[in-house]
Amino acid sequence: MNIIGGPASQLLAGRVSGSLKSNLLISEFKKFPDGELYTRVIDDIGSEVTIIQSTVNDSDLVALLQLIDACSEASRVNVVIPYMGYARQDKQFKKGEPISARAIARTIQADNVYTINIHDISILDYFDAKAVNLDATPLIGKYIKNMEFNDPLIIAPDDGAINIAKSASVELGIDYDYLEKTRLTGETVSIHQKNIDVKGRDIIIIDDIISTGGTMAETISMLRKQGAHEVFAACVHPVLSNNAILKLFKAGVKGIISTDTIDKGVSVVSAAPVIASVI
Ligand code: R5P
C-alpha cells in the first residue's frame, strides 16, 4: 500500500507510513501565476494507494480532488480525510442553503473513504464510496492519562460532544458530564449554568472542533467562576481560527491538547494509529 500525503496532512501521512513501514510517495504542490494549484505525484503511484489529506480550506479540497484524479489508474484508492471542512453545514438550516457537507462528499470518488470524528455521522451517507468514521478520542484519553490531575472530570461543552467525552473518559476511568450550549453568532455562544461539582477539581473540556474558540472560552470562564482548579481544553480538530488560542488563554485555560488531523502547535496526539489500523 503506497501512501500519498496531501499538502495539509504531510506530517500525519509520514507518521502513518512510518508506523506501517509502507512507501510514502513524494508529490509536488505549487501554484500557477493565476493562483490555480499544480499537483503532481512524482513517485510511481502503483496499484494500491491511500491518499491522506485534510480539507481545512478550499485549496486543500482542490488538491485532494487533483490527487484522486492523478491516481485514476490505480486499482484501489483509499481516501483518508482526517479533518473534513464544511462538515458543520450538515443540514439545511435556512431555506435556500446547500447541504455543504453533501456537496463536498459527492465530489470525492474513491474505493474507500475514512474520516476521523466527523462532525455528524450522517455525512458518511453522502459519499458514493463506503465511508467509515474513525475515533481518535481514545488516543486523547491515553495522552491525558499520563498527565497529573487533581480529582479530574471530563466535560463536553454541548450535548453533541457527549460521545467524545464518554470515549475519552473510558480510557481514563474517570467521570464525565456535559453542558448545554446555545449558539448566538458564528463566534459567540452561551453555555447554560449547570450544577456540577467542579470546586477544586481539574477539568478537561473536550470537543470535536475548536474553531473560533468561542465555545471553549465561554465554558472555561464558567467553570473557573464555579471554582474549578485547572482547566484544560482538548479537541480532535484544532481549526483554531482568528484569535482562538488567545481567547482560550484569556479565559484561563491551563493547556490545549489536540490531535494532528490539522497540524498545529497544540497537535500533541497523533491520529496515525487509528488510520494505520484500517488501511
Ligand atoms: C459544534 O457543534 C462543534 O462541536 C464545536 O463545538 C464548534 O464547532 C466549536 O466552534 P467554536 O470554537 O467556533 O465555538
Side-chain angles (χ1 to χ4, degrees), residues 54-58 60 81-94 97 99-102 104 115-124 126 133-137 140-141 154-169 176-194 196 203-224 231-259 261-267 269 271:
S54 284
T55 55
V56 186
N57 55 47
D58 299 353
D60 295 333
I81 314 169
Y83 170 72
M84 180 179 162
Y86 292 95
R88 283 172 289 173
Q89 181 81 31
D90 57 346
K91 49 180 86 69
Q92 200 182 43
F93 297 96
K94 289 184 189 155
E97 286 178 352
I99 299 177
S100 303
R102 179 178 62 190
I104 303 293
T115 58
I116 300 180
N117 295 100
I118 195 157
H119 184 64
D120 195 288
I121 208 87
S122 64
I123 298 166
L124 299 182
Y126 296 138
N133 188 48
L134 309 171
D135 184 12
T137 47
I140 298 178
I154 291 198
I155 289 190
D158 58 36
D159 53 5
I162 294 176
N163 284 339
I164 285 180
K166 189 175 174 184
S167 173
S169 72
Y176 71 94
D177 209 328
Y178 73 100
L179 299 168
E180 275 169 53
K181 166 177 103 178
T182 305
R183 182 160 287 286
L184 306 173
T185 68
E187 293 209 16
T188 54
V189 300
S190 116
I191 303 287
H192 304 204
Q193 289 285 339
K194 186 171 171 186
I196 305 179
I203 309 291
I204 305 108
I205 311 167
I206 188 159
D207 205 350
D208 58 342
I209 301 169
I210 304 176
S211 183
T212 66
T215 301
M216 277 291 179
E218 201 55 35
T219 312
I220 295 161
S221 301
M222 196 183 96
L223 294 170
R224 297 276 296 161
V231 182
F232 292 81
C235 70
V236 179
H237 309 297
V239 175
L240 301 175
S241 54
N242 302 339
N243 285 324
I245 292 186
L246 293 179
K247 274 191 212 162
L248 266 53
F249 277 94
K250 194 170 162 62
V253 81
K254 177 73 179 170
I256 307 170
I257 299 155
S258 87
T259 79
T261 59
I262 303 173
D263 183 19
K264 295 273 168 87
V266 297
S267 307
V269 178

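Both ligands and their constituent atoms are indexed starting at 1 by order of listing. Just so you know, these numbers use all the heavy atoms, side chains as well, and skip hydrogens, waters and symmetry mates. This chain uses plain numbering: 1 for the first residue, then up along the sequence.
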Hey, does [X] sit under 4.0 Å from ligand 1 if you only count heavy atoms?
{"X": "Asp207", "value": "yes"}
{"X": "Lys181", "value": "yes"}
{"X": "Arg183", "value": "yes"}

So which protein heavy atom does [atom] come closest to, and at what separation?
{"atom": "atom 14 (O) of ligand 1", "answer": "Thr215 OG1, 2.6 Å"}
{"atom": "atom 13 (O) of ligand 1", "answer": "Thr212 OG1, 2.6 Å"}
{"atom": "atom 3 (C) of ligand 1", "answer": "Asp208 OD1, 3.3 Å"}
{"atom": "atom 8 (O) of ligand 1", "answer": "Arg88 NH1, 3.0 Å"}
{"atom": "atom 9 (C) of ligand 1", "answer": "Ile209 O, 3.5 Å"}

[X] atom [atom1]: more than 12 heavy-atom contacts under 6.0 Å:
{"X": "Lys264", "atom1": "NZ", "value": "yes"}
{"X": "Tyr178", "atom1": "OH", "value": "no"}
{"X": "Asp120", "atom1": "CG", "value": "yes"}

- Please confirm whether the backbone N or O of Tyr86 pairs with a side-chain atom of Gln89, one donor and one acceptor, at under 3.5 Å?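 Judged by distance alone, no pair lies under 3.5 Å.
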- With no hydrogens and no angle check, is any side-chain donor or acceptor of Glu218 less than 3.5 Å from a backbone partner on Ile220?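 Looks like no, no N/O pair under 3.5 Å.
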- Query: Side chains of Asp208 and Tyr83: is there a donor and an acceptor less than 3.5 Å apart?
  - Reply: no
- Asn133 versus Asn117, side-chain donor and acceptor atoms under 3.5 Å: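 No - no donor-acceptor pair under 3.5 Å links their side chains.
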- Message: Out of all atoms in ligand 1, which are within 4.0 Å of some heavy atom of His119? Include the element for each.
- Response: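 Selected atoms, number and element: 1 (C), 2 (O), 3 (C), 4 (O).
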- For Gly213, the ligand 1 atoms with a heavy-atom partner under 4.0 Å come out as 11 (P), 12 (O), 13 (O)
- Thr215, Val239, Val236 screened by side chain to side chain contact (heavy atoms under 4.5 Å, CB included) with Ile209, the one that passes: Val239
- Message: Does only the side chain of Asp158 get under 4.0 Å from ligand 1, or the backbone, or both, or neither? Count heavy atoms.
- Response: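 Contact part for Asp158 vs ligand 1: side chain (C-beta onward).
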